[in-house]
Amino acid sequence: MAADGLHENETLASLKSEAESLKGKLEEERAKLHDVELHQVAERVEALGQFVMKTRRTLKGHGNKVLCMDWCKDKRRLVSSSQDGKVIVWDSFTTNKILTASGDGTCALWDVESGQLLQSFHGHGADVLCLDLAPSETGNTFVSGGCDKKAMVWDMRSGQCVQAFETHESDINSVRYYPSGDAFASGSDDATCRLYDLRADREVAIYSKESIIFGASSVDFSLSGRLLFAGYNDYTINVWDVLKGSRVSILFGHENRVSTLRVSPDGTAFCSGSWDHTLRVWA
Amino acid sequence: MAASSAPLGGHSRVQRPHLSKMERMVVTMQDPDQGVRMRSQRLLVTVIPHAVNGSDIVEWLMQKYSIAEDEALHLGSLLVQHGYLYPLRDPRRLELLPDETPYRFQTPYFWTSTLWPAAELDYAIYLAKKNIRKQGALVDHEKEHYQQLHRKINHAWDLVMMQAREQLRAAKQRRKGDRLVIACQEQTYWLVNRPPPGAPSVLEQGPGRGPCTAGRVPMTKTLDFYRREVECLRRALGRARVKSSTCLEAYLKFSSQHGPHDPIMSGCLPSNPWVTDDDAYWAMNAPSAAVPTRLRVEQWAFSFRELLEDPVGRAHFMDFLGKEFSAENLSFWEACEELRHGGQAQVPALVDAVYQQFLAPGAARWVNIDSRTMEQTLAGLTQPHRHVLDDAQRHIYLLMKKDSYPRFLKSDLYRDLLAEAVVPLETKRRVFPFTRKPRHSSPSPAVLPASASGEPVGGDGDGET
């Protein structure tokens, strides 16, 4: 038995160092094809003008913190959260599947009718805080973000992690796919939002500003993907030019942290929910 | 996880990076050369050194971070709310006033980022002192807390009172200015740690978070974890990558193509219902609108996926396929979608139905799949699961995408749809987020908003990346 114990220890240490060296190699490989930065490519794109968006609706009536909200049009996407921090995403076009992320580091795919666990996804080293389904043609992947600072892309069919990105410096609170499905954005407690391209297999943009020091809690794209709306723990919403990397506008109004943010399915507005017990619709 | 100083029950410094950043910010603000202008502040008969004006704070933040006044005021307010700055005159509310109101920087001993546990005993002593000084006239919530604590730690009350009296006595020995400053510092500390009702608690963290390995038996779990990580990394290394320039160009193309279809970027006609309270836009763009709008019909040409996602587009495509005697392809694809997304219990029945209708030899709506895929699919049917038709579905999808879809876009059917499509007239003067780029709708002439001809004013004067 003592021999087994030793063996286990050796394997653990060697696995750990193998993982580290593989990570180093992976970063090298990723860097090889990185021939240009996004803001350079975007130089020839026309700059955005003055941006004016106002609260068009304020929804009061909650007796407590708004943690999550949903848009319901065609009953397309519904998001809800429970008190123990579980995040549930379900697209009711896929009426019977529920994809959950939880505080034990796993994601799981459930069959609602039978309550059966269809697939579980292991790989995060800490609580999983957020996830989003890919809008791709084959629709078999999703991305998750966690307290381990990692964003991971999963194949729903095999349960395997397909890609992983570890560039944030703190918990990832929110992940959302770019409308084409070729990339996703993340918002983190490190006060930055980042864009990761799935084909290039790397982070391609960071959206940050020295004056923004509070974590981003929730992100979403406008329909064309040109704008990224991000709600922050400092009660504000920052609007980013996805291509140029600059901050287009800052929106005030909430009186406590913005906890959730979603663009409407038809892109005419977005809604933000806050710990100040209100929801605001901006257009 | 990095060790941190004595936090109880929750979140170490590492997990609240904004506090460290605020710390660094106030240190920079106190720099003798580059920091905020310090003045001596006269309060009645005392002079307090190293005070700063609210307006100077705002000014400094605007300069340092190249931000507009509203953002600077907001940022400064957060610093005050978190107790890194305190108002010198009666700090009952932690707010930043952008005028001559004097503030001072909180002593590091009381910095929120140290996350001292703010024990009940300390709070009791503080309230006791206040109670003595004010001869019983504590404010409501403090009075309540005081009474609660008196009940709760009754056994230690002698200690509390003794400490309170001792601290008050020691304070009397100090100079008036020091006494005032220390009192402000302490009051601010407790306003942050025991906020009055109505004030947001800046220390609140929401649903708890933590590393999932905490408290578990480390060995087995960690082994599995690293094994999986190594596997994942090996797979990732072997992944085919596309060079950045290609990927990034794709964003430009996507954004410019979809820009006119993005109501926030380009507005929407006749008007944005949220802005004008007229929901004609929603009526015109309802999922099964009889006559789709021009923008909508144009979008079917962007990608096959976008055509299929629109129920009206899909229906017209089905009609087109019908004319080409290949409608079974789309029907098969739809049946596969149902299988993939449906309930677990329905799987066997659905698989069987699909087989009977589309795959069996001599089936009524037989789909033309290559022999290899067909063979593999049929073999897989013996053990039906929701992904058993994935390969076949993908084959048919690609067939439609490469073959039928381009023909559809060139067809008379599609051309007629474009021609008949509705182009809504504007009902009101355009009000949409970007005032610089007016949307042109034909046939009505574009109406330029008044400000569009002016120079673009950046939202906050910064255009940096």
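All chains are named by letter (A, B, ...) in the order of the sequence lines, taking the proteins before the strands, and each is independently numbered beginning at 1.
Listed options L61(B), L308(B), L75(B), D70(B) were ranked by heavy-atom pairs under 4.5 angstrom with chain A; first place goes to D70(B). Note on V45(A), I212(A), D234(A): by heavy-atom pairs under 4.5 Å with chain B, the leading option is D234(A). Among K401(B), R235(B), K21(B), M25(B), the residue making the largest number of heavy-atom pairs under 4.5 Å with chain A is R235(B). Looking only at heavy-atom pairs under 4.5 Å with chain A, the residue among S256(B), S244(B), P273(B) that has the most is S244(B). Counting heavy-atom pairs closer than 4.5 Å to chain A, the top residue among C232(B), S245(B), S77(B) is S245(B). Counting heavy-atom pairs closer than 4.5 Å to chain B, the top residue among T268(A), D201(A), L195(A) is T268(A). Between chain B and the options H34(A), R157(A), R44(A), the largest number of non-hydrogen pairs under 4.5 Å is found for R157(A). When each of S224(A), G225(A), A191(A), G215(A) is scored by its heavy-atom pairs under 4.5 Å with chain B, the top score falls to S224(A). Taking chain B as the reference chain and counting heavy-atom pairs below 4.5 Å, the highest number among A164(A), G146(A), A19(A), A200(A) is found for A200(A). Contacts with chain A were tallied for V230(B), T246(B), V202(B); V230(B) has the most, counting heavy-atom pairs under 4.5 Å. When the candidates D190(A), D148(A), L33(A), L198(A) are compared by the number of heavy-atom contacts under 4.5 Å with chain B, L33(A) comes out ahead.
In the displayed structure, K16(A) atom NZ is contacted under 6.0 Å by at most 12 heavy atoms of other residues, nucleotides or ligands. For E249(B), the CD atom sits in a packed shell: over 12 heavy atoms of surrounding residues, nucleotides or ligands are nearer than 6.0 Å. Heavy atoms from other residues, nucleotides or ligands lying under 6.0 Å from CD of E338(B) number 12 at most. The number of heavy-atom neighbours closer than 6.0 Å to CD of E69(B), taken from other residues, nucleotides and ligands shown, is 12 or below.
Q40(A) does not touch chain B: none of its heavy atoms, backbone or side chain, sits under 4.5 Å away. Interface residue Q81(B): only side-chain heavy atoms are found under 4.5 Å from chain A. Using a 4.5 Å cut-off between heavy atoms, L78(B) contacts chain A through its side chain alone, with no backbone atom that close. Interface residue L26(A): backbone and side-chain heavy atoms are both found under 4.5 Å from chain B. Both the backbone and the side chain of D197(A) come within less than 4.5 Å of a heavy atom of chain B. Looking at V162(A), the atoms closer than 4.5 Å to chain B (heavy atoms on both sides) sit in the backbone and in the side chain alike. Using a 4.5 Å cut-off between heavy atoms, A240(B) contacts chain A through its backbone alone, with no side-chain atom that close. With a 4.5 Å cut-off on non-hydrogen atoms, F229(A) touches chain B through its side chain but not through its backbone. With a 4.5 Å cut-off on non-hydrogen atoms, E210(A) touches chain B through its backbone and its side chain both. Within the 4.5 angstrom heavy-atom criterion, atoms from both the backbone and the side chain of V41(A) approach chain B. Proximity to chain B (any heavy atom under 4.5 Å) is restricted, for F252(A), to the side chain, taken from C-beta onward.
Taken to the nearest 0.5 Å, the CG atom of L15(A) stands 10.0 Å off from the CG atom of D224(B). Residue E71(B) holds its CD atom at 4.0 Å from OG of S211(A), rounded to the nearest 0.5 Å. Here CG of L237(B) is found 12.5 Å from NZ of K23(A). Values are rounded to the nearest 0.5 Å. Rounding to the nearest 0.5 Å gives a distance of 5.5 Å between NE2 of H122(A) and CZ of R228(B). One distance of note links OG of S17(A) with OH of Y226(B); it measures 10.5 Å at 0.5 Å rounding. The distance from atom CZ of R394(B) to atom CG of N140(A), rounded to the nearest 0.5 Å, is 9.5 Å.
A heavy-atom distance below 4.5 Å is found between the side chains of M22(B) and I213(A). Looking at heavy atoms from C-beta onward, P135(A) lies in side-chain contact with R305(B) at the 4.5 angstrom threshold. With contacts defined as side-chain heavy-atom distances shorter than 4.5 Å, the pair W275(A)/S201(B) does not qualify. Looking at P200(B) and E255(A), their side chains never come closer than 4.5 Å, going by heavy atoms from C-beta outward. Within the 4.5 Å cutoff, the side chain of R56(A) has no heavy atoms near those of the N272(B) side chain. For the pair I264(B) and L223(A), the minimum side-chain heavy-atom distance is 4.5 Å or more. Under the 4.5 Å side-chain criterion, counting only non-hydrogen atoms from C-beta, L227(A) is not in contact with D262(B). Side-chain contact check for V204(A) versus C247(B): every heavy-atom pair is 4.5 Å or farther apart.
Across every non-hydrogen atom of G123(A) and F225(B), the tightest pair is O-CE1, 3.3 Å. Here the closest heavy-atom approach between residue R199(A) and residue A250(B) is recorded as NH2-CB, 3.6 Å.
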**Study point:** Trace of the side chain to side chain contact (heavy atoms under 4.5 Å, CB included) decision for D266(A) with W282(B)
**Key:** CA-CA 9 Å; D266(A) 66 358; W282(B) 284 333; 2.7 Å; yes
Check your understanding: Given V242(A) and Y251(B), is the side chain to side chain contact (heavy atoms under 4.5 Å, CB included) satisfied, shown in steps?
Key -> CA-CA 9 Å; V242(A) 171; Y251(B) 300 151; 5.8 Å; no
Practice item. Applying side chain to side chain contact (heavy atoms under 4.5 Å, CB included), run through F302(B) and S180(A) and close with a yes or a no. Key: CA-CA 11 Å; F302(B) 288 174; S180(A) 72; over 6 Å; no
Point to revise | Verdict with reasoning, K54(A) to V275(B), per side chain to side chain contact (heavy atoms under 4.5 Å, CB included) | key: CA-CA 9 Å; K54(A) 299 181 187 169; V275(B) 176; over 6 Å; no
Point to revise | Derivation and outcome, ring-ring contact (aromatic ring centres under 6.0 Å, His included), residues Y232(A) and H18(B) | key: CA-CA 11 Å; Y232(A) 289 76; H18(B) 62 285; over 10 Å; no
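With salt bridges taken as basic N to acidic carboxylate O contacts below 4.0 Å, one links K150(A) and E229(B). By the 4.0 Å N-to-carboxylate-O rule, R234(B) lies too far from E29(A) to be salt-bridged with it.
Here the two rings, on H258(B) and F221(A), have centers that are 6.0 Å apart or farther.
Below 30°, between 30° and 60°, or above 60°: for Y235(A) and H74(B) the angle between ring planes is above 60°, a perpendicular geometry.
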